[in-house]
Amino acid sequence: MANKSLGDNRTRTSVSIFIVAGLCCFFYLLGSWQRSGVGKGDSIALAVTKSGENCNILPNLNFETRHGGQAGSIDDSGTEVKKFRPCRPRYTDHTPCQDQKRAMHFPRENMIYRERHCPPPEKKLHCLIPAPKGYVTPFPWPKSRDYVPYANAPYKSLMVEKAIQNWIQYEGNVFRFPGGGTQFPQGADKYIDQLASVIPIQNGTVRTALDTGCGVASWGAYLWKRNVIAMSFAPRDSHEAQVQFALERGVPAVIGVLGTVKMPYPSRAFDMAHCPLCPIPWGAADGILMMEVDRVLRPGGYWVLSGPPINWKTNYKAWQRPMEDLQEEQRKIEEIAKLLCWEKKSEKGETAIWQKRMDADSCRSTQEDSKATLCKSTDPDDVWYNKMEACITPSKGNGDDEGLKPFPERLFAVPPRIANGLVFGVSVEAYLEDNKKWKKHVSAYKKINKLIDTGRYRNIMDMNSGLGGFAAALQSPKLWVMNVMPTIAKKNTLGVIYERGLIGIYHDWCEAFSTYPRTYDLIHAHGLFSLYKDKCDFEDILLEMDRILRPEGAVILRDDVDVLIKVKKIIGGMRWDFKLMDHEDGPLVPEKILVAVKQYWTVGDNNSTSTR
């Protein structure tokens with residue numbers, strides 16, 4: 001009996017081993033198939049769509065049971081969710097790093113007081129910025145170009161200060177923007193037609209533009225239909241809400257100023273730069289501001305200057321300025337332009353146009369008695385909070401601008417910086433693979449949120465933009481994407497993004513972004529919280545996202561599951577409706593997606609306000 005029992009035990013043991021080995025093989029093959037993405041992403045996204053298009057009604061998912069040790073080790077049930085109160089009504093248009101009262105404590109010389117001055121950690125608000133009473137969703141593009149609801153930005157000072165310049169008119173419960181401006185009272189379209197007689201705006205050669213001192217960004221608004229995207233900036237000054245009006249209109253803009261700090265853009269980024277009667281002293285301080293424009297201007301790019309001192313002999317009386325001063329001002333500008341190897345292409349009326357030479361470096365080497373001082377910095381894209389220098393950034397070393405394709409071909413063509421091996425760790429193959437990945441991700445997003453393609457979301461932000469694959473996959477005349485390159489990113493690829501014909505900006509998400517509240521319709525972030533998890537508090541980042549997101553705006557976060565569970569805990573107290581979802585390749589992939597919608601509420605909807 002003992003021998004028979006022993007034999008049975010051995011048989012059962014062998015069978016058990018065989019079954020376990022078989023199951024291991026089966027689940028290994030199943031996991032490989034799911035990770036391959038064959039058919040899995042579409043089925044998951046379709047199932048989510050069928051379960052309800054509104055994020056408000058989607059049930060939360062339980063990831064702990066699907067990840068065993070990884071997700072199962074995370075337990076966030078032991079603490080209560082922190083409920084964030086509304087801030088006081090006076091913070092409705094709060095811009096933390098461009099606060100008017102704080103600015104007054106800084107010197108006025110060289111516009112230092114208008115630069116970024118962020119509050120220390122103990123002065124940061126930890127409450128939700130309320131929308132003004134009566135706030136409504138902006139009009140869809142292109143109607144938003146011409147009309148902005150008064151309740152969204154209830155400021156009439158521009159109507160008084162710019163009355164004769166045809167900037168803005170108040171009609172009933174909306175502001176109307178006729179398309180005029182300081183230098184184009186007959187309309188931006190006619191002004192752009194004048195520029196297009198010199199600059200090849202229509203053929204895709206000029207795609208990215210910089211508008212310094214943009215006002216309400218009518219120049220950028222009317223360039224859009226010509227397939228040119230302008231990055232506009234203006235200070236937060238006494239006019240009130242210039243940049244806010246621009247973003248309400250659906251035009252890319254940030255709060256900014258040409259002062260003492262380098263602009264937050266990479267070198268060789270823009271095909272065209274523009275200054276319409278902007279009060280910028282271009283000839284002062286050895287031309288340091290023109291040198292900064294030269295840094296961000298692509299070889300072959302154009303600089304447009306409208307207003308004083310151009311054609312001063314004819315206009316000095318109208319400008320009510322001494323003829324001698326205007327003559328000296330233009331002389332300095334012409335001298336610096338020659339030093340930078342900019343060739344004047346046109347001077348007509350009050351507008352002059354220069355073109356930066358493609359061979360600017362060789363041009364300077366042939367100039368007799370050239371006073372050009374070349375910058376010694378080895379990285380012309382290292383700009384965050386760095387002071388401007390009175391030196392010229394060498395043109396060579398950042399790619400082959402002659403090889404840049406016209407838009408829209410350049411959107412998916414291999415950017416020169418990558419083709420020439422200038423982005424460490426990014427090969428041509430990696431770039432092409434990244435494009436495929438983001439086309440797949442965006443396809444899944446569109447099935448989760450069917451409003452993405454409808455024009456409902458005009459102003460979109462990608463908080464950690466990488467190579468710009470998200471924005472490229474979304475490309476549409478109905479929307480634009482602000483590609484943000486975190487200053488702590490392992491790879492600085494913002495120059496690549498501009499070479500694709502997209503726009504973006506450097507930023508550190510431990511600080512507030514240079515914009516007004518409620519200026520973005522949709523915010524996307526891939527790997528952002530993993531990047532910042534040891535750098536600053538998730539709560540600060542999420543409260544900043546809430547500040548710049550419109551009521552009923554959408555959020556898409558893609559990150560590791562353990563990180564998103566921590567994020568989910570915080571947004572549970574932020575008046576967002578949300579859902580944590582599987583990766584489109586299935587539940588075995590540790591990366592997850594969190595989708596959210598910000599609830600609609602305004603000043604006075606909740607009496608429980610913060611004491612701040």
Side-chain angles (χ1 to χ4, degrees), residues 110-111 198-199 206 209-213 257-263 265-276 278-313 324-348 350-383 386-399 401-402:
N110 300 317
M111 298 295 285
V198 180
I199 302 171
V206 172
L210 179 68
D211 194 9
T212 58
V257 66
L258 269 173
T260 65
V261 176
K262 292 181 179 180
M263 290 186 285
Y265 313 115
S267 61
R268 304 158 68 103
F270 296 99
D271 302 310
M272 175 169 57
H274 177 244
C275 173
C278 45
I280 296 175
W282 293 111
D286 299 321
I288 191 171
L289 299 180
M290 289 179 67
M291 291 176 183
E292 176 62 3
V293 171
D294 181 76
R295 181 186 68 81
V296 300
L297 193 63
R298 200 184 310 283
Y302 297 85
W303 187 54
V304 181
L305 178 60
S306 291
I310 302 303
N311 204 353
W312 56 269
K313 292 180 182 178
E324 296 76 13
D325 290 355
L326 290 165
Q327 182 180 10
E328 177 62 13
E329 190 176 329
Q330 180 151 358
R331 186 196 66 78
K332 287 182 178 179
I333 290 173
E334 300 280 7
E335 184 179 86
I336 297 162
K338 182 180 178 181
L339 189 68
L340 295 171
C341 285
W342 294 0
E343 180 183 356
K344 182 180 276 189
K345 291 293 185 179
S346 171
E347 182 172 329
K348 185 178 180 180
E350 297 180 14
T351 301
I353 301 173
W354 286 265
Q355 184 178 23
K356 182 177 178 178
R357 293 271 297 269
M358 290 294 297
D359 58 343
D361 289 343
S362 60
C363 161
R364 278 187 289 272
S365 66
T366 59
Q367 288 180 351
E368 294 184 7
D369 300 324
S370 175
K371 299 178 182 178
T373 300
L374 297 183
C375 298
K376 297 179 181 179
S377 172
T378 57
D379 185 3
D381 298 343
D382 182 16
V383 299
N386 285 340
K387 295 290 185 180
M388 292 183 195
E389 300 175 84
C391 60
I392 301 173
T393 302
S395 294
K396 293 181 180 179
N398 256 1
D401 292 278
E402 292 183 351

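Quick note: numbers below take in every heavy atom, side chains included, and nothing from hydrogens, waters or symmetry partners. Position 1 is the first residue of the sequence, and the numbers go up from there. Predicted model only: the values in this text are computed from it and were never measured.
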Take W282 and L258 through the side chain to side chain contact (heavy atoms under 4.5 Å, CB included) test and state the conclusion after the steps. CA-CA 10 Å; W282 293 111; L258 269 173; 3.6 Å; yes

Does some side-chain heavy atom of Q355 sit less than 4.5 Å from a side-chain heavy atom of V198? no

What residues, two or more places apart in sequence or in another chain, satisfy salt bridge (Lys or Arg N to Asp or Glu O under 4.0 Å) together with D286? none

L374 and C391: which non-hydrogen atoms are nearest, and at how many Å? C-CB, 3.9 Å

Closest non-hydrogen atom pair, M272 against V206: CE-CG1, 3.8 Å

Would you mind reporting whether P276 and D211 have side-chain heavy atoms less than 4.5 Å apart? yes

Could you measure the distance from the CD1 atom of I199 to the CG atom of D271? Nearest 0.5 Å is fine. 10.5 Å

So CG of N386 and NZ of K262: to nearest 0.5 Å the spacing works out to 6.0 Å

Taken in chain and number order and not counting sequence neighbours, the residues that satisfy ring-ring contact (aromatic ring centres under 6.0 Å, His included) with Y265 are F270

Would you check, one step at a time, whether the test salt bridge (Lys or Arg N to Asp or Glu O under 4.0 Å) holds for R295 with E292? CA-CA 5 Å; R295 181 186 68 81; E292 176 62 3; 2.8 Å; yes

W342 backbone acceptor or donor facing R357 side chain under 3.5 Å: no

What's the spacing between K313 NZ and N311 CG if we round to 0.5 Å? 9.0 Å

Flag if over 12 foreign heavy atoms under 6.0 Å of NZ, K348: no

Closest approach of L289 and G259, non-hydrogen atoms and distance? CD2-O, 3.8 Å

Can you measure from CD1 (I333) to CD (E329) and round to the nearest 0.5 angstrom? 5.5 Å

Taking side chain as C-beta onward, heavy atoms only, is M358 less than 4.5 Å from P299? yes

Check: L297 main-chain N/O paired with K356 side-chain donor or acceptor under 3.5 Å: yes

Heavy-atom nearest pair, P308 first then L326, reads CB-CD2, 4.1 Å

Would E334 and R331 count as a salt bridge (Lys or Arg N to Asp or Glu O under 4.0 Å) if you check the C-alpha gap in whole Å, the side-chain angles of each, and the deciding distance to 0.1 Å? CA-CA 5 Å; E334 300 280 7; R331 186 196 66 78; over 6 Å; no

Considering all heavy atoms of both residues, which atom of A285 and which atom of A390 are nearest to each other, and what is their separation? O-CB, 4.4 Å

Atom NZ of K387 with >12 non-hydrogen neighbours under 6.0 angstrom: yes

Counting distance only, does the side-chain N/O of T373 pair as donor-acceptor with the main-chain N or O of I392 below 3.5 Å? no

Spacing of NZ belonging to K332 relative to CD belonging to Q327, to within rounding of 0.5 Å: 12.5 Å

Test L339 against M290 for side chain to side chain contact (heavy atoms under 4.5 Å, CB included), laying out the working first. CA-CA 10 Å; L339 189 68; M290 289 179 67; over 6 Å; no

Residue pair M291, L340: steps toward the side chain to side chain contact (heavy atoms under 4.5 Å, CB included) verdict: CA-CA 8 Å; M291 291 176 183; L340 295 171; 4.1 Å; yes

Interatomic spacing from CE in M388 to OG1 in T260 - rounded to 0.5 Å: 7.0 Å

Kindly give the heavy-atom pair with the smallest separation between P279 and P281, and that separation in Å. O-CD, 3.9 Å

